[in-house]
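Here the structure is laid out as structure tokens; the discussion comes afterwards.
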Amino acid sequence: MAASPIAKGDLLCPQCTEIYVFPVRLQCGHNICKVCLKKFWDWKQTRECPVCGVMSVPTRPPINLPLKIAADHFKEESRSHAEDTCLLHNKKLEIFCHNDEEPICPACRSSRQHNVHECCSLEEAAQQKRTDISEKLDLLKKKLKEMTKTKEQWEGTKQYIKTQVQLTEREIKEEFKKLHQFLEDEEANHLKQLQQEEEVKTQVMCRKLDHIESQIKALRTVIGDTERVLAEKDLPFLWDYKTTKKGVKCNIGDPECIRDILINPAKTLGSLKFRVWKSMSTAVQYVPVTLDPNTAHPNLKFSEELTQVQFCSKQPVPDNLERCTSRVCVLAAAGYVSGKHSWTVDVGQGKNWSIGVVSESIKRKTSVFPCPLEGFWIIVQQSDSLCAQTSPLTKLVLKTSPRRISIELDYDKGKVLFSNADDSTLIHKFKDKFTERIFPYFSPGLYDEYKISHPLIICPRPLSEVDGRLGVKM
């Protein structure tokens, strides 16, 4: 005979009221999920039945295999059951439980499991959940777009790093080529001086040798003639005595003592490196400020070891965080948090330039009015007039338009002074309190009716003003 089917109610665990998962049979005959039984025993600290309270022996309860097979079979059938029907009560799913986040039927709503849960109609829940999922989906799409854009930027940055390396390598080679050429020229010059010294002293020795050789020849002639006379007989000897006596009188002096005729190694090799370095110091310049291309607007280019900047066509550079894109400007590579610092800028005949100092936290991607409140302490050349970027603008009246402007920063006293480098005339002074790193600021302008770019040039200083730490003496 075929076994009678097990009722659906018999497939519910009395502890969790869900379909059995690995049901175990207790000695009292009750069945319960294996996990539910363990949790109950851990809580009660006893091995009693959750249904009737009868104690079980300390052996592991066996799996009720027929009941497990029936529960598994019911679950498989439930998967093919109509989606809108409750598996437990065979009623239409009309309600959504927000606590368990699942559709339920009215009978489920009244059950102990759901009677205190927040519920609503399926239509209302579907609309609400769709809105919630759509918002999250929009955030995911936005995040995907942002990450895709970032990935593209990073790929561009990776490629730009290679380009930077190539350009920097080329510049390094060019600069060292100049240094090598300088050393080669110095070497050639020193060798030439050595050769000239050799030629001069060799010529002197040749003249001395010619002279002494003529004297030796004359002496040999006298000696030979005298020896022949001495070999004569007495009468012939005496007849020639007066002539012989006159001939042996030697009018030739002693050999000359020649001084300073040798090559002078002390003069040639002594302090050679120092003398070459001193000679090099006349060809090498020190500039107190170096520009940082990584902070520069894409429409700027640089030259002369990053000490000149001017406007140009847009360059293919990455939009990194440090780069200023809201203003056509560039910052120095080094900032200051204390002490006194100064540098001079050659503005030439440029128009619409601005120079000074800014704080590290200035807005670099969005436009702001450049004033001390926004972290800008700069002066600006606009339409043939010079202004200090205060709020409102402070027009600066000068007798002559400066070509070179010196900037002095006293961080500790909060001062920024601008003066004419040619006559030391004070142009403007800012007084403030600095609370973060301060960077020199440069924004080049145009020239010749705004058609030709004119550079801003950081003026070099004599090496005599530089101490051993490459710090400029104030």
Review point. Taking Ser134 for the side chain and Arg130 for the main chain, is one N or O donor matched with an acceptor at less than 3.5 Å?
Key: yes
Review point. What residues form a salt bridge (Lys or Arg N to Asp or Glu O under 4.0 Å) with Arg404, not counting sequence neighbours?
Key: Asp422
Practice item. Please check if atom CD in Gln315 has more than 12 non-hydrogen atoms from other residues, nucleotides or ligands closer than 6.0 Å. Key: yes
**Study point:** Atom pair SG/CD1 of Cys324 and Ile362 - distance to nearest 0.5 Å
**Key:** 5.0 Å
Point to revise | Qualifying salt bridge (Lys or Arg N to Asp or Glu O under 4.0 Å) pairs, either residue in residues 16-44, two or more places apart | key: Lys38-Asp42, Lys44-Glu48
Practice item. Could you please spell out the steps behind the side-chain contact (heavy atoms from CB on, under 4.5 Å) verdict for Ile405 and Thr344? Key: CA-CA 6 Å; Ile405 298 177; Thr344 301; over 6 Å; no
**Study point:** Check against side-chain contact (heavy atoms from CB on, under 4.5 Å), Glu94 and Ile104
**Key:** CA-CA 7 Å; Glu94 300 174 347; Ile104 60 175; over 6 Å; no
Exercise for review: Might you point out which heavy atoms bring Ala332 and Val289 nearest each other, and give the distance in Å?
Suggested key: CB-CG1, 3.6 Å
**Study point:** Pair listing, salt bridge (Lys or Arg N to Asp or Glu O under 4.0 Å) test, anchored in residues 271-299, at least two apart
**Key:** none
Listing, residues 49-64 side-chain donor-acceptor contacts under 3.5 Å, not counting sequence neighbours, or none:
from, atom 1, to, atom 2, distance (Å)
Asn64, OD1, Leu67, N, 3.3
Asn64, ND2, Asn31, OD1, 2.8

Practice item. Report, as yes or no, whether the 6.0 Å neighbourhood of atom CH2 on Trp154 holds more than 12 heavy atoms from other residues, nucleotides or ligands. Key: no
**Study point:** Straight-line distance of Thr307 OG1 to Leu291 CG, nearest 0.5 Å
**Key:** 7.0 Å
Check your understanding: So how far is it from Glu135 CD to Leu140 CG, rounded to the nearest 0.5 Å?
Key -> 12.0 Å
Review point. Is the closest side-chain heavy-atom distance between Cys108 and Cys86 below 4.5 Å?
Key: yes
Point to revise | Atom of Cys329, atom of Ser443 and distance for their closest heavy-atom approach | key: CB-CB, 4.0 Å
Point to revise | ring pair (Phe, Tyr, Trp, His ring centres under 6.0 Å) involving Tyr160 - partner list, sequence neighbours excluded | key: none
Practice item. Find the distance between NZ (Lys395) and OG1 (Thr390) and round it off to the nearest 0.5 Å. Key: 13.5 Å
Review point. Would you say Leu409 and Phe434 make side-chain contact, with heavy atoms under 4.5 Å?
Key: yes
Practice item. Report yes if the side chains of Thr425 and Ile427 come closer than 4.5 Å at any heavy-atom pair, otherwise no. Key: no
Exercise for review: Kindly give the heavy-atom pair with the smallest separation between Asp432 and Trp377, and that separation in Å.
Suggested key: OD2-NE1, 3.0 Å
Point to revise | Ser279/Glu186 under side-chain hydrogen bond (donor to acceptor under 3.5 Å, both in side chains): CA gap, chis, key distance, verdict | key: CA-CA 9 Å; Ser279 177; Glu186 282 292 307; 3.1 Å; yes
Review point. What are the two closest heavy atoms between Val287 and Ile458, and how far apart are they?
Key: CG1-CG2, 3.3 Å
Review point. Out of curiosity, Ile438 CD1 to Leu331 CG, how far, rounded to the nearest 0.5 Å?
Key: 11.0 Å
Check your understanding: Where do Pro370 and Ile378 come nearest, in terms of heavy atoms and distance?
Key -> CB-CD1, 4.2 Å
Point to revise | Modelled atom types, side-chain donor and acceptor of Asp346 and Gln308, under 3.5 Å | key: no
Review point. Which pairs, with at least one residue in residues 158-174 and sequence neighbours excluded, count as a salt bridge (Lys or Arg N to Asp or Glu O under 4.0 Å)?
Key: Glu169-Lys173
**Study point:** Candidate pair Arg437 and Phe439, rule side-chain contact (heavy atoms from CB on, under 4.5 Å), full reasoning
**Key:** CA-CA 7 Å; Arg437 191 177 298 273; Phe439 286 84; 3.4 Å; yes
Exercise for review: Please check if the side chain of Asp412 supplies one atom and the backbone of Gly339 the other of a donor-acceptor pair under 3.5 Å.
Suggested key: yes
Check your understanding: Is there a side-chain contact (heavy atoms from CB on, under 4.5 Å) between Asn420 and Thr400 once you walk through the steps?
Key -> CA-CA 9 Å; Asn420 189 328; Thr400 59; 4.2 Å; yes
Exercise for review: List the atom of Cys119, the atom of Ile95, and the distance in Å for their closest heavy-atom pair.
Suggested key: CB-CG2, 3.6 Å
Practice item. Test His428 against Phe418 for ring pair (Phe, Tyr, Trp, His ring centres under 6.0 Å), laying out the working first. Key: CA-CA 5 Å; His428 186 71; Phe418 298 84; 7.0 Å; no
Point to revise | Side-chain touch Lys68/Tyr20, heavy atoms, less than 4.5 angstrom | key: no
Point to revise | Full working for ring pair (Phe, Tyr, Trp, His ring centres under 6.0 Å) between Phe96 and His98 | key: CA-CA 6 Å; Phe96 184 82; His98 288 286; 5.4 Å; yes
Study note, to complete from the structure: Contacts satisfying side-chain hydrogen bond (donor to acceptor under 3.5 Å, both in side chains) that involve residues 137-153 (not counting sequence neighbours) are Lys151-Glu155
Practice item. Return the set of residues passing salt bridge (Lys or Arg N to Asp or Glu O under 4.0 Å) with Lys136 (not counting sequence neighbours), or none when no residue passes. Key: Asp132
**Study point:** All pairs passing salt bridge (Lys or Arg N to Asp or Glu O under 4.0 Å) where residues 99-125 contributes a residue, at least two apart
**Key:** none
Practice item. Taking the side chain as every heavy atom from C-beta outward, state whether Leu300 and Phe442 have any atom pair closer than 4.5 Å. Key: no
Point to revise | Pairwise side-chain contact, Lys415 with Glu408, heavy-atom cut-off 4.5 Å (strictly under) | key: no
Review point. Do the side chain of Thr163 and the main chain of Gln159 share a donor and acceptor less than 3.5 angstrom apart?
Key: yes
Point to revise | ring-ring contact (aromatic ring centres under 6.0 Å, His included): pairs with one or both residues in residues 114-133, sequence neighbours excluded | key: His114-His117
Practice item. May I ask you to check whether over 12 heavy atoms, not counting those of Phe22, lie within 6.0 Å of atom CZ? Key: no
**Study point:** Main-chain N/O of Ala421 paired with Ser419 side-chain donor or acceptor, under 3.5 Å
**Key:** no
Review point. Got a sec, which pairs hit side-chain hydrogen bond (donor to acceptor under 3.5 Å, both in side chains) with one end in residues 355-372, sequence neighbours left out?
Key: Asp319-Lys365, Ser361-Glu436
Exercise for review: Sequence neighbours left out, what passes ring pair (Phe, Tyr, Trp, His ring centres under 6.0 Å) with His89? Give chain and number order.
Suggested key: none
Review point. Does a side-chain heavy-atom distance below 4.5 Å link Pro293 with Leu306?
Key: yes
Exercise for review: Could you please spell out the steps behind the ring pair (Phe, Tyr, Trp, His ring centres under 6.0 Å) verdict for Tyr411 and Tyr336?
Suggested key: CA-CA 8 Å; Tyr411 187 99; Tyr336 310 114; 8.6 Å; no
Point to revise | Asn299 side chain to Cys312 backbone, donor-acceptor under 3.5 Å | key: yes
Check your understanding: With side chains defined as the heavy atoms from C-beta onward, is the minimum distance between Arg323 and His297 less than 4.5 Å?
Key -> no
Review point. In Å and rounded to the nearest 0.5 Å, what is the NE2 to CD1 distance from His341 to Ile407?
Key: 13.5 Å
